[in-house]
> 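One structure, pasted below without further comment.
Reminder, nothing fancy here: chain letters follow the sequence lines and each chain counts from 1.
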Protein chains: 2
Amino acid sequence: MHTPTRKTAEPTVRRLSLYLRYLEAFEQAGRGTISSGELAQSGGTTSAQVRKDLSFFGSFGKRGLGYSTHELTVHIREILGLDRQWRLVIIGAGKIGSAVAGHRGFRDRGFEIVGIFDADPHRVGHALGGVTVSDVRHLETEVKRLRADMAVLAMPAESAPEVATRLAKAGVHAILDFSTAQLEVPSDVTVRSVNLALELEVLSFALVNR
Amino acid sequence: MHTPTRKTAEPTVRRLSLYLRYLEAFEQAGRGTISSGELAQSGGTTSAQVRKDLSFFGSFGKRGLGYSTHELTVHIREILGLDRQWRLVIIGAGKIGSAVAGHRGFRDRGFEIVGIFDADPHRVGHALGGVTVSDVRHLETEVKRLRADMAVLAMPAESAPEVATRLAKAGVHAILDFSTAQLEVPSDVTVRSVNLALELEVLSFALVNR
DNA sequence: TCCTGTGAAATTCTTCACAGCC
DNA sequence: GGCTGTGAAGAATTTCACAGGA
């Protein structure tokens, strides 16, 4: 595997994540090799797309044969940085925060929830998925002590920007934001937004435009 | 407003949804007009992008002045199909289903949750956000009776494809899927996937590639 | 003067098509 | 014969830059 010469396209990274999921299923099913065509079918894309995506990071396949499911799994996990454990904190112990905290499968995929924070005193001290909820006032010291790598923001949009800034200062360089806020963070912090209302609105558009 | 001549780009639709949110804030704040530059800043894009996006649907602005916040709000709501009420069902009353069901703000934006379904007899009969959980065995008849337009799938990946097919047959043409399944639906059904593990993996990639 | 609307250019992403290796 | 790896072509999307109306 070689590191890409220039920046990698985001769509490619998203697809790698999908390929990985299907590869794991194929490996589980005892398939030793898989072709770009099969992988494409699983992921709803084309074989050329699969090969282009992979070739960006190296030559993992064998001509005439395909890819070794196991080797390719290992390669993609390495490319995505999943060959290590990531330490996650969740800010907001409401409905969404609880759902994320209780989601099995994150830990299995290398994302360990090491801390949960909330501003509501009624929630502080209670346990969620084996982790005790801390007061968000102690965010910085706790985040440093816990050596958190990533944060999930599951809180109202009003307080999200302030918390994002504090997280960035505390050394968290990756944030998954469920609020609808527009976060202002230093350029060395990556933010991804999941906006459910937006997704419903895209569906609404699709329904009225057919 | 004129209907677009050819198919609209998905990125454009996503941005329209964002613009709408900022417009509402501006309108609330009493701003009568707004320029493409201001809107761009809110949405993290460029003024040219904003103008291109809007011009695809008509000429809503006034040269030298900008856009009327109120008029543009109305136009975008109409473009996105938000000038009506959408009827939503949730399949799966677990953590994610409950979080979606309990989310205030969907109703305010025109998405009314009219039904919740689950396969677990222990959950059937209980109320979630004012709606009683029904047995998923009665999905088809209930969905038709409730005249549901959209469905949120918040269930294990194993059962998702079957439920998606049943929903499509029952007349639901828009599905928001939280499972990691690859859904096979007729071409007149729009599916959008929200995959939290994938989002974390994209963050992971960003962390190891800087 | 300010700011929109929009062709044209630039860039990004996907698909094609085929040489090369198993 | 089958399937990968990859330049080249094509399509989609964004940015530029400027004419034109308020």
Side-chain angles (χ1 to χ4, degrees), chain A residues 1-19 22-23 26 31-73 75-76 79 202 205, chain B residues 1-19 22-23 26 31-73 75-76 79 202 205:
Chain A
M1 166 190 167
H2 65 83
T3 311
T5 324
R6 225 71 208 90
K7 69 181 198 298
T8 314
E10 148 139 8
T12 295
V13 177
R14 299 184 69 86
R15 284 191 299 265
L16 285 182
S17 177
L18 288 176
Y19 301 159
Y22 295 115
L23 273 171
F26 272 98
R31 292 287 308 274
T33 59
I34 188 171
S35 69
S36 57
E38 292 172 290
L39 215 38
Q41 195 149 44
S42 308
T45 179
T46 67
S47 62
Q49 182 77 81
V50 171
R51 296 198 299 278
K52 254 286 191 283
D53 286 339
L54 295 176
S55 75
F56 199 74
F57 297 94
S59 299
F60 306 130
K62 287 195 177 45
R63 293 168 194 231
L65 210 79
Y67 303 86
S68 149
T69 47
H70 178 69
E71 279 176 28
L72 191 53
T73 301
H75 280 303
I76 295 184
I79 293 166
V202 175
F205 178 83
Chain B
M1 167 192 166
H2 64 83
T3 311
T5 324
R6 222 74 209 90
K7 69 179 197 300
T8 314
E10 147 137 7
T12 295
V13 178
R14 299 184 70 86
R15 283 190 300 264
L16 285 183
S17 177
L18 288 176
Y19 301 158
Y22 296 115
L23 274 171
F26 272 97
R31 291 288 306 273
T33 60
I34 188 170
S35 71
S36 58
E38 292 172 290
L39 216 38
Q41 195 150 42
S42 309
T45 178
T46 66
S47 61
Q49 182 78 83
V50 171
R51 296 198 300 277
K52 254 284 193 286
D53 287 340
L54 295 176
S55 76
F56 199 72
F57 297 94
S59 300
F60 305 130
K62 287 194 178 46
R63 296 172 191 225
L65 209 79
Y67 303 87
S68 148
T69 47
H70 179 68
E71 278 177 29
L72 190 53
T73 301
H75 279 305
I76 295 183
I79 292 167
V202 175
F205 177 84

> Can you name the closest pair of heavy atoms from A:S35 and A:E38 and give their distance?
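Minimum heavy-atom separation between A:S35 and A:E38: N-OE1, 2.9 Å.
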
> Holding to side-chain contact (heavy atoms from CB on, under 4.5 Å), I want the full list of residues that pass it with A:T46, two or more places apart in sequence or in another chain.
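Here the qualifying residues are A:A48, A:Q49.
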
> Main chain of B:R31, side chain of B:T69: is a donor-acceptor contact present, judged purely on distance under 3.5 Å?
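Yes: the side chain of B:T69 pairs with the backbone of B:R31.
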
> Does the side chain of B:L54 come within less than 4.5 Å of B:I76's, by heavy atoms?
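Yes, close enough: below the 4.5 Å cut-off.
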
> Can you check the A:R14 CZ to C:dC13 C1' distance for me, whole Å?
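About 15 Å, once rounded to whole Å.
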
> Rounded to the nearest angstrom, tell me the gap between atom CZ in A:R63 and atom P in D:dT4.
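It is 10 Å, rounded to the nearest whole Å.
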
> B:T46 has a side chain; which of D:dT15, C:dG5, D:dG5 sits nearest to it?
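Within the option list, the nearest is D:dT15.
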
> Below 30° counts as parallel, above 60° as perpendicular, anything between as tilted: where do the rings of A:F57 and B:F205 land?
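Because their plane-to-plane angle is over 60°, the rings of A:F57 and B:F205 count as perpendicular.
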
> Atom CG of A:L16 and atom P of C:dC13: how far apart are they, to the nearest Å?
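Spelled out: CG on A:L16 to P on C:dC13 is 14 Å.
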
> Between atom CZ in A:F60 and atom C1' in C:dC21, what is the gap in whole Å?
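Atom-to-atom, A:F60 to C:dC21, this comes out as 18 Å.
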
> Can you tell me the distance, in whole Å, between the CZ atom of A:R51 and the C1' atom of D:dG7?
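That distance rounds to 13 Å.
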
> In this structure, how many angstroms lie between the P atom of D:dT4 and the CG atom of A:L39, rounded?
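Interatomic distance, CG of A:L39 to P of D:dT4: 9 Å.
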
> OP1 or OP2 of D:dT4 versus the side-chain N and O atoms of A:S36: is any pair under 4.0 Å?
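A:S36 to D:dT4 OP1/OP2: side-chain N or O found under 4.0 Å.
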
> Would you say a side-chain N or O of B:R15 is under 4.0 Å from OP1 or OP2 of D:dT14?
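Yes, because at least one side-chain N or O of B:R15 sits under 4.0 Å from OP1 or OP2 of D:dT14.
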
> Write down the distance between CG (B:L72) and C1' (C:dC3), rounded to a whole number of angstrom.
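These atoms are roughly 14 Å apart.
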
> By nearest nucleotide on DNA chain C, pick out whichever of B:S47 and A:A48 is the more 5' one.
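Counting from the 5' end, the first nearest nucleotide belongs to B:S47.
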
> Does B:Q49 place a side-chain N or O at less than 4.0 Å from the phosphate oxygens OP1/OP2 of D:dT15?
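For D:dT15, OP1 or OP2 has a side-chain N or O of B:Q49 closer than 4.0 Å.
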
> Answer yes or no: side-chain N or O of A:K52 and base N or O of D:dG7 forming a donor-acceptor pair under 3.5 Å.
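A donor-acceptor contact between them is present.
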
> Could you check how far NZ of B:K62 sits from C1' of D:dA22, rounded to whole Å?
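Interatomic distance, NZ of B:K62 to C1' of D:dA22: 9 Å.
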
> Need to verify one output field. Residue with the more 5' nearest nucleotide on DNA chain D, B:E10 or A:Y67?
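Nearest-nucleotide comparison on DNA chain D picks A:Y67.
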
> With B:E10, which residues qualify under side chain to side chain donor-acceptor pair (under 3.5 Å), at least two apart?
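Counting only residues at least two positions away or on another chain, B:E10 forms a side chain to side chain donor-acceptor pair (under 3.5 Å) with B:R192.
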
> Taking only N/O atoms, report every protein-nucleotides 9-11 of chain C pair under 3.5 Å with atom names and distance.
none

> Quick check: does any side chain N or O of A:Y22 sit under 3.5 Å from a backbone N or O of A:S42, one acting as donor and the other as acceptor?
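Flag set: sc A:Y22 to bb A:S42 pair under 3.5 Å.
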
